[in-house]
Amino acid sequence: ETGVTQTPRHLVMGMTNKKSLKCEQHLGHNAMYWYKQSAKKPLELMFVYNFKEQTENNSVPSRFSPECPNSSHLFLHLHTLQPEDSALYLCASRPAGGLTDTQYFGPGTRLTVL
Amino acid sequence: KQEVTQIPAALSVPEGENLVLNCSFTDSAIYNLQWFRQDPGKGLTSLLLIQSSQREQTSGRLNASLDKSSGRSTLYIAASQPGDSATYLCAVVQGGSEKLVFGKGMKLTVNP
């Protein structure tokens, strides 16, 4: 266990559905991240939050909408997704300002878009 | 644009072998380089982190080296065990950014 939890672990949704992924960390970190891991592609950074403020958006389509209500929780709201959005979505956290520190990853949510 | 490459994509070896996993990156302006392990259907576990000013790090049977000028890192696994079977990912933190740039990973299978 890394101290980062993600729910749900598996999600199947249609292209017209709206769903949300949740990430929670109990490590006292202030930086949180969303990553996408597709088959046969490198892990891609999607969003970065520092002290609840979004500091990086890696050109992610607007059908993905992140939310960070506090330093312990991070959400990824999904709507009108495409089948190519099917992937493993990973959340990570790190002490803010600690670029020399590693990131701690959650187990991921396996998303399938039908 | 930083690119991280791991070759080969997969490796299958008998138990007990000493292994060398390779990672290369195109831009040497990095803060650090990390090696992660990922088990099937699970998240990533950090194995070793090498700061840009360091040459190597060791943890148990694992040793990672960094040659920033040539854009290379090596993860050495001594006396491999079936429990080492996993995907190993190399990633760099780009200077001036929080971005972790990953390679595609190398799937290791250690056969008993």
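If you're wondering where the values come from, they're calculated on a predicted model, not measured in any experiment. Convention: sequence-line order gives letters A, B, ...; per-chain numbering from 1.
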Leu43(A), part contacting chain B, at a heavy-atom distance under 4.5 Å: both

Which atom names give the shortest non-hydrogen contact between Gln103(A) and Gln34(B), and what distance separates them? N-OE1, 4.2 Å

If you take all heavy atoms of Lys99(B) and Asn58(A), which pair is closest and at what distance? NZ-OD1, 3.1 Å

Count the heavy atoms of every other residue, nucleotide or ligand shown that sit under 6.0 Å from [atom1] of [X], and state whether that count exceeds 12.
{"X": "Ile7(B)", "atom1": "CD1", "answer": "no"}
{"X": "Arg55(B)", "atom1": "CZ", "answer": "no"}
{"X": "Phe102(B)", "atom1": "CZ", "answer": "yes"}
{"X": "Lys52(A)", "atom1": "NZ", "answer": "no"}

How long is the gap from [atom1] on [X] to [atom2] on [Y], to the nearest 0.5 Å?
{"X": "Leu90(A)", "Y": "Gln38(B)", "atom1": "CG", "atom2": "CD", "value": "6.5 Å"}
{"X": "Leu47(B)", "Y": "Thr102(A)", "atom1": "CG", "atom2": "OG1", "value": "9.5 Å"}
{"X": "Gln37(A)", "Y": "Lys104(B)", "atom1": "CD", "atom2": "NZ", "value": "12.5 Å"}

Verify same cluster id: Leu62(B), Leu66(B) (apolar side-chain graph, 4.5 Å): yes

Would you say Trp35(B) and Tyr76(B) are hydrophobically clustered, going by side-chain heavy atoms of ILVMFWY under 4.5 Å? no

Evaluate the side-chain proximity of Tyr35(A) to Leu44(B): yes if any heavy-atom separation is below 4.5 Å, no if none is. no

